[in-house]
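Everything below concerns the one structure shown next.
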Amino acid sequence: MPPLLPTAATEIPWQKPSLSFKKSISATDLLVSKRKTMLGSDDSASRTRPPPPPEEFSPVPRICRLILAVYEEDLRNPLFLTADQYGLNPDWVVKRVTYQQTLGHASPYLIYIDHDHKETVVAVRGLNLIKESDYKLLLDNKLGMQMFDGGYVHHGLLKSAIWLLNRESETVKKLSMETGCEYSLVFGGHSLGSGVVSLLAVIVANHGDKLRGK
């Protein structure tokens, strides 16, 4: 199989991950969606932009609590907060992936079915200061190294996002088939994980035709 990512500044070649979804968002997207419509000096003119309505921000604290839950080793016996404080039901955790399982390709993450809000959530933790693999991922980049969708992105973060998508696309597709089109697909991440899920959301949103196997 050819490498998924080129080492030069070329457009990214695609594999076939097949995925059906209603929509996809990241916690970051909830706050910056309006900024994406502005360019250049308009992007800096924050005083002319109206603040987001409360309904756009309301999911963010909930998704952030799920991201923090990734830091727990055992969600049935959490050390930092209770399951109620995290706002999750341990029975709805589909998968929790550790450093031993990601083999340095990504930070730990969990996949969670939120039946209360009709969401499938992929939450990725942030940089671990004592994990060499996280630093390798973060430093895997040079200016102009990785082109994507007509611009340049962080090589290591994009590589991690695609690795995660290729690994979990079948899981998410299965969940999508089980829950139906009423459930949204949500990506959330903290620190290093926020960079990964932001690119993951762009891939899913902009290349849904490829993700569906068309």
Give, for atom [atom1] of [X] and atom [atom2] of [Y], the distance between the pair rounded to the nearest 0.5 Å.
| X | Y | atom1 | atom2 | value |
| --- | --- | --- | --- | --- |
| Lys118 | Cys181 | NZ | SG | 10.5 Å |
| Ile162 | Leu157 | CD1 | CG | 11.5 Å |
| Tyr183 | Leu175 | OH | CG | 10.5 Å |
| His117 | Ser58 | NE2 | OG | 8.5 Å |
| Tyr152 | Met147 | OH | CE | 3.5 Å |

Check: Under 3.5 Å, side chain of Ser160 to main-chain N/O of Gly156, donor-acceptor pair present?
Finding: no

Note to self: Students often mix this up, so state it plainly: with edges at 30° and 60°, are the rings of Trp163 and His105 parallel, tilted or perpendicular?
What the structure shows: parallel

Next item on the list: Give the ring-plane orientation class for Tyr71 versus His190, where under 30° counts as parallel, over 60° as perpendicular and anything between as tilted.
Entry: tilted

Can you confirm whether [X] sits close enough to [Y] that some side-chain heavy atom of one is under 4.5 Å from a side-chain heavy atom of the other?
| X | Y | value |
| --- | --- | --- |
| Val202 | Val153 | no |
| Val122 | Leu164 | yes |
| Val124 | Ile67 | no |
| Ser194 | Val196 | no |
| Thr102 | Tyr109 | yes |
| Asp140 | Met145 | yes |
| Asp134 | Ser107 | yes |
| His115 | Trp92 | yes |

Taking every non-hydrogen atom, the tightest pair across [X] and [Y]:
| X | Y | result |
| --- | --- | --- |
| Pro78 | Tyr86 | CB-CE1, 4.1 Å |
| Arg65 | Gln85 | CD-O, 3.0 Å |
| Asn166 | Ser169 | O-OG, 3.8 Å |
| Asn141 | His155 | OD1-N, 2.9 Å |

Note to self: Please determine whether a side-chain nitrogen of the Lys or Arg among Lys174 and Glu178 lies less than 4.0 Å from a carboxylate oxygen of the Asp or Glu.
What the structure shows: yes

Starting from [Y], can I reach [X] by hopping between I/L/V/M/F/W/Y residues whose side chains sit under 4.5 Å apart?
| X | Y | result |
| --- | --- | --- |
| Leu192 | Leu139 | no |
| Leu137 | Leu103 | no |
| Tyr99 | Leu127 | no |
| Ile111 | Ile203 | yes |

Notebook entry, point to check: Given the rule in the side-chain contact (heavy atoms from CB on, under 4.5 Å) test, do Leu165 and Leu200 qualify, once you have shown the distances and angles that lead to the verdict?
Noted result: CA-CA 7 Å; Leu165 180 61; Leu200 197 53; 3.7 Å; yes

Next item on the list: Please list all pairs passing the salt bridge (Lys or Arg N to Asp or Glu O under 4.0 Å) test where one or both residues lie in residues 95-114, with sequence neighbours left out.
Entry: Arg62-Asp114, Lys95-Glu168

Next item on the list: Give every residue pair that meets the salt bridge (Lys or Arg N to Asp or Glu O under 4.0 Å) criterion with at least one member in residues 68-90, sequence neighbours excluded.
Entry: Arg76-Asp91

Next item on the list: Flag yes if more than 12 heavy atoms outside Glu132 fall under 6.0 Å of its CD atom; otherwise flag no.
Entry: no

Next item on the list: Evaluate side-chain contact (heavy atoms from CB on, under 4.5 Å) for Glu119 paired with Ile113, printing each intermediate quantity in order.
Entry: CA-CA 6 Å; Glu119 293 172 345; Ile113 295 289; over 6 Å; no

